[in-house]
Amino acid sequence: MTEPGKESPYRNRSVEENLDLFERMRAGEFEDGSRVLRAKIDMSAGNLNMRDPVLYRVLHASHHRTGDKWCIYPMYDWAHGQSDSIEGITHSLCDLDFEDHRPLYDWCIDQLGIHHPQQIEFARLNISYTILSKRKLRELVEGKYVTGWDDPRMPTLSGLRRRGYTPEAIHSFLDRIGIAKRDSIVALADLEFSIREDLNKRSLRVMGVLNPLKVVIDNYPEDKTEELDAINNPEDPTAGTRKVPFSRVLYIEREDFREDPPKKYFRLAPGQEVRLRYGYFITCTDVIKDDKTGDVIEVHCTYDPKTRGGSSPDGRKVKGTIHWVSAAQAIEAEVRLFDRLFIKENPLAVDEGSDFKDNLNPNSLEVITALVEPSLINAKPGNFYQFERRGYFCVDTVDSTPGKLVFNRTVTLRDTWAKIEKAQKK
RNA sequence: UGGGGCGUCGUCAAGCGGUAAGACACCAGCCUUUGGAGCUGGCAUUCCCAGGUUCGAAUCCUGGCGCCCCAGCCA
């Protein structure tokens, strides 16, 4: 690279000859790759882009506007400045890779003497555990590693939207991370914070059990059903309340019961009392297991009728509050649990002979059938909710139908317990 | 050993000669019918390193070191 480049044998061709060649190339007289028109700049330039760069090459490709009329195609450096100029752009922003190209961008525009926009380069907004390169993203789409450009795991705008990211959250994320010229990888946590912040204020709360465990309240009448009041959004009093059915047989989250609870576990366990959100206090009295596997398949409890709505007249406290659905009224819904698309913070950092696709997270999608409260029967595609204690979910805009609801998990809630438990295991 | 850039908290990021903003993360406490949310407090005596200039340097100068990008008829 320290040596000047070799000059093309055609470097000193006359203007007339070049013009003639241009016409003939355009007309389709030559094969792809057989002729080229270059700018005459400086073969000894340290910036390789200035060593007589190609301006036009022969390419027999159909264009969406001009069809097959032109058989040549301009190079980016030559065409880009002109497009910017014609559009009257004042500042042309691009990524750091093009810093080397700015002298050529300027050169081309100056030669033409046209309006000169200013090109300014910035670092890409990389996010950990994903990639931004459109070409690589395309590999994922074409290789069927994802379902399409709008796969909720994709960092594309359409993917983020389908995942449940609001424009407001995306904007606040962008404001938060800023932009500069140094290579960086923003932590995924920043993005997640932005969407939680927005959805916390706006989403309606609802109860949905992702991994159901049957609970029978032995002292509750078999044929009775009540309608309990539930708050739609504690962050927004104007969101009102709704009715949630309650009955003798319920489902709770499997992880909200532990036969052998660790320290500081506030949820259901033998002999332990918890609050069913907006329901009653219940105490676990019995556990039924599968004879063969030993797995807990059903939990029996008694409820305190005086705690309706979730508070006790005697003022006694329970530390845990868990969500639930009434077995008879709950509706089934498909729920898609997404996780990071890649297992490595920087998926592009690979060893020799390895490919970024080797860093794909094999568990980036888990599809389950959940039980959700009946009010969701009217959920429309694009609606977003907070499934209490679980996370934010939105109705899929592509696959959800009135008969079969499909929810996408946008992001989980912050999980302090998970942190505590992890710390306890250490 | 050519050219172009960049180096400030775990991650982003202000700062542009007057004595290190802010956010996320993290830690501690309060509060809580979501272990959510909220609230309070903590979190860079030091800015890649070494010299120098200056009353005063993350900011100026000199010299190092480290990282990224460029040899497509890709963008």
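Numbers restart at 1 for each chain; the letters A, B, ... are given by sequence-line order, proteins then strands.
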Student: Is Asp106(A) salt-bridged to Arg102(A), cutoff N-O under 4.0 Å?
Tutor: no
Student: Decide, yes or no, whether a salt bridge links Glu23(A) with Arg26(A) under the criterion of side-chain N to carboxylate O below 4.0 Å.
Tutor: yes
Student: Is a donor-acceptor pair below 3.5 Å formed from side chain Arg205(A) to base U34(B), judging by atom type as modelled?
Tutor: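 Indeed, a donor on one side and an acceptor on the other fall under 3.5 Å apart.
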Student: If you check every side-chain atom of Lys264(A), which of A75(B), A25(B), G35(B) has the closest atom?
Tutor: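 Selected nucleotide (nearest to the side chain): G35(B).
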Student: What distance, rounded to whole Å, do you find between the two C1' atoms, one in C43(B) and one in C55(B)?
Tutor: 33 Å
Student: Assign Tyr278(A) to base, sugar-phosphate, or nothing according to its heavy-atom contacts below 4.0 angstrom with the strands shown.
Tutor: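 Base, at least one base heavy atom under 4.0 Å.
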Student: Which nucleotide in the list A25(B), A14(B), C12(B) gets nearest to the side chain of Ile177(A)?
Tutor: C12(B)
Student: Assign Arg196(A) to base, sugar-phosphate, or nothing according to its heavy-atom contacts below 4.0 angstrom with the strands shown.
Tutor: nothing
Student: Just to be sure I understand the rule, does Tyr265(A) reach a base, reach only the sugar-phosphate, or reach nothing, if contact means heavy atoms closer than 4.0 Å?
Tutor: base
Student: Taking Leu188(A)'s backbone N and O only, do any of them form a donor-acceptor pair with Ser128(A)'s side chain (distance below 3.5 Å, no angle check)?
Tutor: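 Pair found, side chain donor or acceptor close to backbone of Leu188(A).
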Student: Heavy atoms from C-beta onward define the side chain here; which of G2(B), C6(B), U34(B) lies closest to that of Leu48(A)?
Tutor: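 For Leu48(A), the side-chain atoms sit closest to G2(B).
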Student: Looking at every strand, decide which applies to Ile185(A) at a 4.0 Å heavy-atom threshold: base, sugar-phosphate, or nothing.
Tutor: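 Here Ile185(A) touches the backbone only, sparing every base.
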Student: Considering only NZ, NE, NH1 and NH2 on the basic side and carboxylate oxygens on the acidic side, decide whether Lys243(A) and Asp229(A) come within less than 4.0 Å.
Tutor: yes
Student: Among the candidates G36(B), A75(B), G4(B), find the nucleotide nearest to the side-chain atoms of Phe98(A).
Tutor: A75(B)
Student: Look at the side chain of Lys419(A) and decide which nucleotide, out of C26(B), A23(B), G3(B), has an atom nearest to it.
Tutor: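 So the nucleotide nearest the side chain must be C26(B).
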Student: For the side chain of Leu413(A), counting heavy atoms from C-beta on, which of G4(B), U11(B), G36(B) is nearest?
Tutor: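 When the side chain of Leu413(A) is considered, G36(B) is the closest of G4(B), U11(B), G36(B).
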Student: Under 4.0 Å, heavy atoms only, any strand: does Asp183(A) hit a base, just the sugar-phosphate, or nothing?
Tutor: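 Sugar-phosphate, backbone atoms only, no base.
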Student: With distance as the sole criterion, is a donor-acceptor pair present between the side chains of Thr285(A) and Thr302(A) under 3.5 Å?
Tutor: no
Student: Taking NZ, NE, NH1 and NH2 as the nitrogens, is one of them in Glu197(A) or Arg176(A) under 4.0 Å from a carboxylate oxygen of the other?
Tutor: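 Yes, Glu197(A) and Arg176(A) are salt-bridged.
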Student: Begin from the C-alpha positions of Phe173(A) and Tyr165(A) and carry the test ring pair (Phe, Tyr, Trp, His ring centres under 6.0 Å) through to its verdict.
Tutor: CA-CA 11 Å; Phe173(A) 169 66; Tyr165(A) 275 80; 8.5 Å; no
Student: Can you check the distance between A28(B) and G66(B), where both ends of the measurement are the P atom (answer in whole Å)?
Tutor: 39 Å
Student: Nearest to the side chain of Thr321(A), which nucleotide is it out of U34(B), A23(B), G5(B)?
Tutor: U34(B)
Student: Look at the side chain of Glu235(A) and decide which nucleotide, out of C27(B), C73(B), A37(B), has an atom nearest to it.
Tutor: A37(B)
Student: Starting at the 5' end of RNA chain B and moving along, which residue's nearest nucleotide shows up first, Ala123(A) or Ile322(A)?
Tutor: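 Whichever sits nearer the 5' end wins; that is Ala123(A).
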Student: Looking for any heavy atom pair under 4.0 Å, which part of the strands does Asp100(A) touch: base, sugar-phosphate only, or nothing?
Tutor: base
Student: With heavy atoms under 4.0 Å as the rule, sort Glu192(A) into base, sugar-phosphate or nothing.
Tutor: nothing
Student: Could you tell me whether Lys181(A) and Glu99(A) make a salt bridge, using a distance below 4.0 angstrom between a side-chain N and a carboxylate O?
Tutor: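 So Lys181(A) pairs with Glu99(A) through a salt bridge.
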Student: Atom CZ of Phe193(A) to atom C1' of A23(B): distance rounded to whole Å?
Tutor: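 Spelled out: CZ on Phe193(A) to C1' on A23(B) is 8 Å.
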Student: Would you classify Leu276(A) as touching base, sugar-phosphate or nothing, given that sugar-phosphate means primed atoms plus P, OP1 and OP2, and contacts are heavy atoms under 4.0 Å?
Tutor: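 The answer is nothing, as Leu276(A) stays clear of every strand by at least 4.0 Å.
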Student: Could you work out which one of G35(B), C12(B), C68(B) sits closest to the side chain of Ser184(A)?
Tutor: C12(B)
Student: Judged by each residue's nearest nucleotide on RNA chain B, which is more toward the 5′ side, Leu59(A) or Gly279(A)?
Tutor: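 Mapping each residue to its closest nucleotide by heavy atoms, the 5'-most match is Gly279(A).
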Student: Choosing from C12(B), G7(B), G35(B), which nucleotide comes nearest the side chain of Val186(A)?
Tutor: C12(B)
Student: What is the nucleic acid contact for Ser311(A), judged by heavy atoms within less than 4.0 Å: base, sugar-phosphate only, or nothing?
Tutor: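 Answer is base: heavy atoms of Ser311(A) come under 4.0 Å of a base.
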Student: Which part of the nucleic acid, if any, lies within contact of Met50(A), taking any heavy atom under 4.0 Å across all strands shown: a base, the sugar-phosphate backbone alone, or nothing?
Tutor: nothing
Student: Touch check for Arg414(A), heavy atoms < 4.0 angstrom, all strands: base, sugar-phosphate only, or nothing?
Tutor: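 Sugar-phosphate, backbone atoms only, no base.
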Student: Since syn is defined as within 90° of 0, does G7(B) count as syn or as anti?
Tutor: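 Judged by the O4'-C1' to base torsion, G7(B) sits in anti, the angle falling more than 90° away from 0.
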Student: Under 4.0 Å, heavy atoms only, any strand: does His323(A) hit a base, just the sugar-phosphate, or nothing?
Tutor: nothing
Student: By the 4.0 Å heavy-atom rule, please label Pro234(A) as base, sugar-phosphate, or nothing.
Tutor: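 Base, at least one base heavy atom under 4.0 Å.
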Student: Could you give the CG-to-C1' distance, from Asn49(A) to G3(B), as a whole number of Å?
Tutor: 10 Å
Student: Mind checking the C1' distance from C49(B) to A37(B)? Whole angstroms is fine.
Tutor: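 Each nucleotide's C1' atom is 45 Å from the other's.
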Student: Taking atom P in both C30(B) and G18(B), what distance in whole Å separates the two?
Tutor: 43 Å
Student: Pick the P atom in C31(B) and in U19(B), then give their distance to the nearest Å.
Tutor: 40 Å
